[in-house]
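Below, chains carry the letters A, B, ... as their sequence lines are ordered, and counting in each starts from 1. All values derive from a computational prediction rather than experimental measurement.
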Protein chains: 2
Amino acid sequence: MADTKQLILDTALRLFNQQGTGAVSTNHIADGAGISPGNLYYHYRGKPDIIRALFEQLFAQTDERLNLPTDRLPMVSDIMMLVRINFEIMGEYRFIYRESLLLLRQDPALHQRNIEVRARGYEGFREIITALSSMGILVALDAAVVVRLADLLWLIGEFWLSSLEVSGQDLTDEAMERGIELMMQVIQPYLTTP
Amino acid sequence: MADTKQLILDTALRLFNQQGTGAVSTNHIADGAGISPGNLYYHYRGKPDIIRALFEQLFAQTDERLNLPTDRLPMVSDIMMLVRINFEIMGEYRFIYRESLLLLRQDPALHQRNIEVRARGYEGFREIITALSSMGILVALDAAVVVRLADLLWLIGEFWLSSLEVSGQDLTDEAMERGIELMMQVIQPYLTTP
DNA sequence: GTCTATATCGCGATAGAC
DNA sequence: GTCTATCGCGATATAGAC
């Protein structure tokens with residue numbers, strides 16, 4: 001194989017998304033990738049190592065695909081587009097969002113790393129909301145209110161798909177748009193041009 | 001023991017909350033309860049059976065402890081009190097909220113049951129919000145807006161604690177109050193007496 | 001109801017040939 | 001890099017004595 005290391009990751013991601021990390025053993029992954037268990041252990045120390053690698057792949061994808069236009073100032077519609085792309089990425093790495101609380105508890109170092117990456121993302125996001133307010137797209141707001149709005153939008157972005165799954169709804173485009181509508185509902189009272 | 005069946009549940013709940021369902025075997029539970037593995041299997045078919053029983057216990061607790069005053073009309077502060085109690089219950093059954101998406105995927109019958117119970121709870125909640133609007137505590141609103149507000153409050157109630165954990169914050173009373181503040185932020189623009 | 005003993009299974013992990 | 005073979009371990013589950 002050209003790149004066994006990546007093949008293992010791709011296979012693991014597919015199986016984890018389908019069956020959850022608990023139900024998928026290193027043997028299953030090797031089997032699904034068409035390689036021997038020994039070979040898998042040559043490339044990775046074990047399942048936790050593979051999970052860490054998938055987290056890193058998710059971080060990299062997020063950095064790569066989640067960007068605002070640089071040639072002009074951001075608008076509300078730009079943010080909603082970011083959220084759509086984020087929903088897409090979350091779908092590709094579904095197992096991470098399904099099991100995050102569990103996976104992070106089992107791996108303190110990964111938890112720490114995740115907190116840092118997440119904090120950077122959140123900071124950037126909050127700055128965008130602040131910018132919208134100072135640009136006059138949102139009415140002038142207390143700093144405290146801006147933070148609460150950012151927190152709300154962030155929470156929706158992070159857990160809307162989970163909410164759909166728990167309530168037994170499919171992750172259709174329409175369902176994702178309802179998440180976007182909830183976000184719009186949050187900021188609608190503060191828009192200068194409704 | 002007076003009631004071995006309940007003792008097993010109590011022990012399992014404690015261990016699941018501490019270590020997660022994956023890390024806790026039936027042997028561990030039996031050990032923690034001070035009984036033999038064989039005895040555990042006399043009372044339950046296995047770990048999935050115990051998990052189902054804990055879900056049912058959670059449903060019962062929720063029914064029992066989550067009630068509005070019947071001697072007068074509900075106010076906004078009543079709802080916030082409901083949310084506080086709900087956070088408390090969620091703390092007691094923490095493993096369910098940490099692993100819900102995973103546990104429900106592994107047990108379709110339980111998933112179905114959870115969807116039904118949850119739907120009933122959500123319906124009741126939505127009616128309360130509708131009532132607040134028709135009582136004039138919230139300004140008169142489109143039905144669609146009422147639904148979105150209910151969805152938002154429900155989402156916050158369900159995932160605020162998870163959000164805290166993912167971002168590495170402790171589940172203190174102060175942190176929970178910040179969740180309540182987010183809810184207030186959502187309805188604040190629609191309050192008739194701010 | 002509760003125990004002890006045990007059967008079966010599959011996972012994680014490594015050694016050593018190629 | 002990749003494979004085959006294999007060991008040790010612990011988990012689930014049951015049988016049978018008390």
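Side-chain N/O atoms of A/R94 and A/Q18 include no donor and acceptor closer than 3.5 Å.
Taking the six-membered ring where tryptophan is involved, the planes of A/W154 and A/F125 are tilted, since the angle between them lies from 30° to 60°.
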* Using a 4.0 Å heavy-atom cut-off, write out nucleotides 11-18 of chain C from 5' to 3' as B (base contacted by protein), S (sugar-phosphate only) or - (no contact). => SSBB----
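Whole-Å rounding puts the B/L40 CG to D/dT14 P distance at 12 Å. Whole-Å rounding puts the B/D3 CG to C/dT2 C1' distance at 15 Å. Going from atom OH of A/Y42 over to atom P of D/dT4 covers 17 Å, rounded to whole Å. Across the protein-nucleic acid pair, B/N39 atom CG and D/dT12 atom P stand 16 Å apart, rounded to whole Å. Straight-line distance from the CD atom of A/Q6 to the P atom of D/dG1: 15 Å, rounded to whole Å. Between the CD1 atom of A/I35 and the P atom of D/dC3 there is a distance of 7 Å, given to the nearest Å.
Note: the hydrophobic cluster containing A/V145 also contains A/V147 (ILVMFWY, side chain heavy atoms under 4.5 Å, direct or indirect links).
Taking the side chain to side chain donor-acceptor pair (under 3.5 Å) definition, one finds that A/S134 meets it with nothing, sequence neighbours left out.
With salt bridges taken as basic N to acidic carboxylate O contacts below 4.0 Å, none links B/E123 and B/R120.
Of the candidate nucleotides D/dC3, C/dT2, D/dT2, C/dT2 has the atom nearest to the side chain of B/H43.
Between atom CZ of residue B/R105 and atom NE2 of residue B/H111 there is a gap of 9.0 Å, rounded to the nearest 0.5 Å.
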